[in-house]
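If you're wondering where the values come from, they're calculated on a predicted model, not measured in any experiment. No hydrogens, no waters, no symmetry mates; every other heavy atom, side chains included, goes into these values.
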Amino acid sequence: ALNVPMRQFLAGTPRFADVGPDMRVFAESATAAGSSLRGYDFGADGMVSAGDGFDPAASADRLDAAVAFVRALGRDARARELAGTTVTVDGTPLVDNEEIPSPLRGYVQLSLDAGVQEAFPAEVREVSPGQYEAVPGPRFEPATVLTRADLAHTLNRFAPVFDAGP
């Protein structure tokens, strides 16, 4: 059994050839339509997108997480309505808005609005001793690969939002 807020699903015929029997239930449950317990009508896409393969060794970035968590919250339809909009934080557009694919901008917006993920503020970074660069903000950095610590932090922020309900 999975100890996560999603419906468990196991097809009669394995869907993914690249997943062993120990991970099969997770891969099929996470990608099944209506997998989120918040997807009451079973119409939403699965929390994780997959084509012909699940690719269990692939890394996930901040954009992948935004889509998965917003779908898990059952807010997929609202995210789709926001496709193509400018993602903002406190009314300020993200400086890297163009790096977020237009159809996925609603997911990022809802993830930020719910407090599941956060935008990075402007900052000054030391790139080498005595050398600094200004990094504008707010920004989302959609292609930044998540570490296990990043994911744990995001899951910690997700749990109370999920528990609060739609």
Side-chain angles (χ1 to χ4, degrees), residues 1-11 15-16 19 21-50 54-94 96-97 99-121 137-166:
L2 297 171
N3 188 21
V4 294
M6 76 172 125
R7 290 181 181 88
Q8 296 181 39
F9 176 81
L10 192 60
R15 179 175 170 201
F16 303 111
V19 177
D22 58 329
M23 292 297 292
R24 181 176 165 220
V25 70
F26 173 76
E28 292 189 18
S29 294
T31 58
S35 61
S36 168
L37 288 179
R38 294 283 188 251
Y40 302 111
D41 62 0
F42 290 83
D45 290 337
M47 290 188 294
V48 178
S49 297
F54 187 72
D55 200 3
S59 59
D61 58 32
R62 287 177 48 86
L63 182 59
D64 295 326
V67 172
F69 285 119
V70 168
R71 285 181 177 166
L73 290 171
R75 300 177 185 171
D76 191 55
R78 178 68 181 132
R80 289 174 192 240
E81 290 171 6
L82 295 172
T85 60
T86 299
V87 181
T88 63
V89 174
D90 297 325
T92 303
L94 295 178
D96 57 356
N97 192 67
E99 294 175 33
I100 302 166
S102 183
L104 303 180
R105 290 184 187 158
Y107 294 94
V108 173
Q109 185 67 65
L110 294 178
S111 182
L112 293 171
D113 290 350
V116 173
Q117 289 177 292
E118 51 202 348
F120 301 109
R139 62 191 187 285
F140 185 70
E141 298 182 2
T144 296
V145 174
L146 294 172
T147 64
R148 289 171 57 98
D150 294 332
L151 185 56
H153 175 73
T154 305
L155 284 166
N156 193 44
R157 295 172 66 101
F158 168 79
V161 175
F162 183 86
D163 289 343

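Among all heavy-atom pairs drawn from Pro142 and Asp61, the shortest one is O-CG, 3.2 Å. Closest heavy-atom contact between Leu146 and Leu151: CD1-CD1, 4.4 Å. Across all non-hydrogen atoms, the minimal contact from Asp64 to Ser59 is OD2-O, 4.1 Å. The two residues Phe120 and Phe140 make their nearest non-hydrogen contact at CE1-O, 3.7 Å. The shortest heavy-atom contact between Arg157 and Gln117 is NH2-O, 4.0 Å.
A donor-acceptor pair is defined here as one N or O able to donate and one able to accept, closer than 3.5 Å; such a pair exists between the side chain of Asp150 and the backbone of Thr147. Formation of a donor-acceptor pair under 3.5 Å by the Arg105 side chain with backbone atoms of Ile100 is found in this model. The main-chain N or O of Ala119 is never found under 3.5 Å from a side-chain atom of Arg139 such that the two would form a donor-acceptor pair.
His153 is listed as a side-chain neighbour of Glu118, based on a closest heavy-atom distance under 4.5 Å. Contact annotation: the side chain of Gln109 never approaches that of Thr85 to less than 4.5 Å [non-hydrogen atoms, C-beta and beyond].
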* To do: Evaluate side-chain contact (heavy atoms from CB on, under 4.5 Å) for Leu73 paired with Phe158, printing each intermediate quantity in order.
  => CA-CA 9 Å; Leu73 290 171; Phe158 168 79; 3.6 Å; yes
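Partner of Val116 under the side-chain contact (heavy atoms from CB on, under 4.5 Å) criterion, out of Val161, Asn156, Leu155: Val161 alone. Paired with Tyr107 under the rule side-chain contact (heavy atoms from CB on, under 4.5 Å), one option of Leu112, Leu82, Val70, Val87 passes, and it is Val70.
Rounding to the nearest 0.5 Å places CG of Asp76 at 10.5 Å from CD of Glu81.
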